[in-house]
Amino acid sequence: MPENRPMTLIEYVTRKQQAFPQATGAFTTLVEGLALATKIISREVNQAGLGHLLGLTGRRNVQGEAVARLDEFSNDTLIRTLTRTGVVCAIGSEELAVPIRLPADPVPGVYAVVFDPLDGSSNIDYAVSVGSIFGVYRRRSSRDQIGGMEDLLQSPGDLVAAGYSVYGSSTILVLSTGDTVDGFTLDPSLGEFLLSHQNIRVKPKGKFLSANTCNRGAWEPNVLRAFEAFEQPAEGKPMSLRYVGSLVADAHRTLLAGGMFVYPADRKQPEGKLRLLYEAGPLGFLFEKAGGAATDTRRPILEIVPKALHDRTPLLLGGTEDVARFMELCRE
Ligand code: FBP
């Protein structure tokens with residue numbers, strides 16, 4: 001390996017943790033667990049057609065959605081790997097109606113983790129990019145009791161870290177521990193995530209517009225007007241439409257290339273489709289840390305306080321100028 005090889009994910013996180021004299025290493029252990037789980041999921045996603053992991057399990061999850069075999073595999077893999085780290089007290093997953101509460105084994109966990117184990121389920125069987133999204137909170141409940149809902153039902157503004165993995169043309173893990181947002185590409189030959197995108201910044205104005213425009217007929221008139229102002233601007237070049245239908249892939253492109261992703265509320269889903277705690281929240285945290293913006297088309301995602309584990313929300317992600325303009329048009 002040439003001398004100037006990029007830092008590995010764990011080298012990078014360890015170096016950052018050294019800046020905190022009170023750090024115990026628990027966070028690095030957690031990131032190691034998340035990285036291992038996403039490597040295992042990445043391997044299965046890449047070979048899904050060869051194994052037995054395509055198709056549905058025949059079950060429905062708490063959202064009423066048909067559960068894909070890869071959804072189930074990813075969920076089990078993340079739960080097992082995070083439990084084995086010994087630093088987690090509670091887990092909230094898109095696939096589980098109630099949280100997993102972890103006893104002190106051998107010591108109380110200090111973090112609570114929420115995740116969407118495999119986002120983009122409508123694309124899983126067609127080799128289109130999918131991903132895993134996760135958010136990390138500091139434990140709130142006292143350590144002499146078992147962790148639970150109290151540790152998970154926290155505002156995205158209280159996240160201490162968040163990230164996602166995209167399983168696409170390459171597998172990339174994007175992570176923020178509250179300061180910079182960095183991307184790490186999996187080198188399968190080494191089995192290591194290597195630093196490939198350091199200090200990602202979202203352009204204030206971008207060229208891509210992303211939404212499921214088939215829903216436009218059910219959008220609120222002010223949201224439709226705002227969207228069309230970007231689609232057919234009175235002056236200047238229109239944006240280009242890009243929509244994968246996997247939130248993690250659409251968000252990743254928007255984070256790197258700029259522009260806007262919007263999944264508004266509509267008459268079918270008046271509270272929005274996407275989930276606050278393990279989809280909009282972690283992505284909102286990343287966009288804000290990368291100098292972008294994340295709102296529910298009315299207020300910042302980071303200010304929303306969840307009432308339940310599977311709360312839904314409208315979502316608007318993008319550069320600060322584009323998002324501010326969209327919000328302004330919504331208010332007109
Ligand atoms: P899950 O796949 O994790 O359920 O996430 C929901 C999702 O698939 C997002 O990834 C995506 O942005 C959206 O739904 C697509 O919705 P639609 O099919 O209505 O465009």
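Whatever order the structure lists them in is the order used to number ligands and atoms, beginning at 1. Quick note: residue numbers are just sequence positions, from 1.
The backbone and the side chain of Ser121 each have at least one atom closer than 4.0 Å to an atom of ligand 1 (non-hydrogen atoms only). Contacts of Asp119 with ligand 1, taken as heavy-atom pairs under 4.0 Å, involve both backbone and side chain. Neither the backbone nor the side chain of Glu95 comes within 4.0 Å of ligand 1, counting heavy atoms alone. At a heavy-atom cutoff of 4.0 Å, ligand 1 is contacted by the side chain of Glu65 but not by its backbone.
Listed by number with element, the atoms of ligand 1 under 4.0 Å from a non-hydrogen atom of Asn212 are 17 (P), 19 (O), 20 (O). Residue contact check: Glu279 has heavy atoms under 4.0 Å from atoms 1 (P), 3 (O), 5 (O), 6 (C) of ligand 1. Residue Leu247 approaches ligand 1 through these ligand atoms, each under 4.0 Å from one of its heavy atoms: 9 (C), 10 (O), 11 (C), 12 (O).
Of all protein heavy atoms, the one closest to atom 3 (O) of ligand 1 is Asp116 OD2, 2.8 Å.
Ligand 1 has no N or O atom lying under 3.5 Å from any N or O atom of Ser122, backbone or side chain. Considering backbone and side-chain atoms together, Val248 places no N or O closer than 3.5 Å to any N or O of ligand 1.
For the pair Glu228 and Arg216, the salt-bridge criterion is met [side-chain N within less than 4.0 Å of a carboxylate O]. Ion pair Arg275/Glu279 flagged as a salt bridge, since at least one NZ, NE, NH1 or NH2 atom sits closer than 4.0 Å to an Asp/Glu carboxylate oxygen. Salt-bridge formation is not detected for the pair Glu72/Arg69: no Lys NZ or Arg NE/NH1/NH2 atom is positioned less than 4.0 Å from an Asp or Glu carboxylate oxygen. The pair Arg59-Glu95 does not meet the salt-bridge criterion, since no charged nitrogen lies less than 4.0 angstrom from a carboxylate oxygen.
Leu255 and Leu317 fall within the same hydrophobic cluster, where Ile, Leu, Val, Met, Phe, Trp and Tyr residues are linked whenever their side-chain heavy atoms come under 4.5 Å apart, directly or through other members.
When Lys273, Arg275, Gln269, Lys268 are ranked by how near their heavy atoms come to atom 18 (O) of ligand 1, first place goes to Lys273.
Proximity of Leu329 to Phe227: side-chain heavy atoms (C-beta onward) are nowhere separated by under 4.5 Å.
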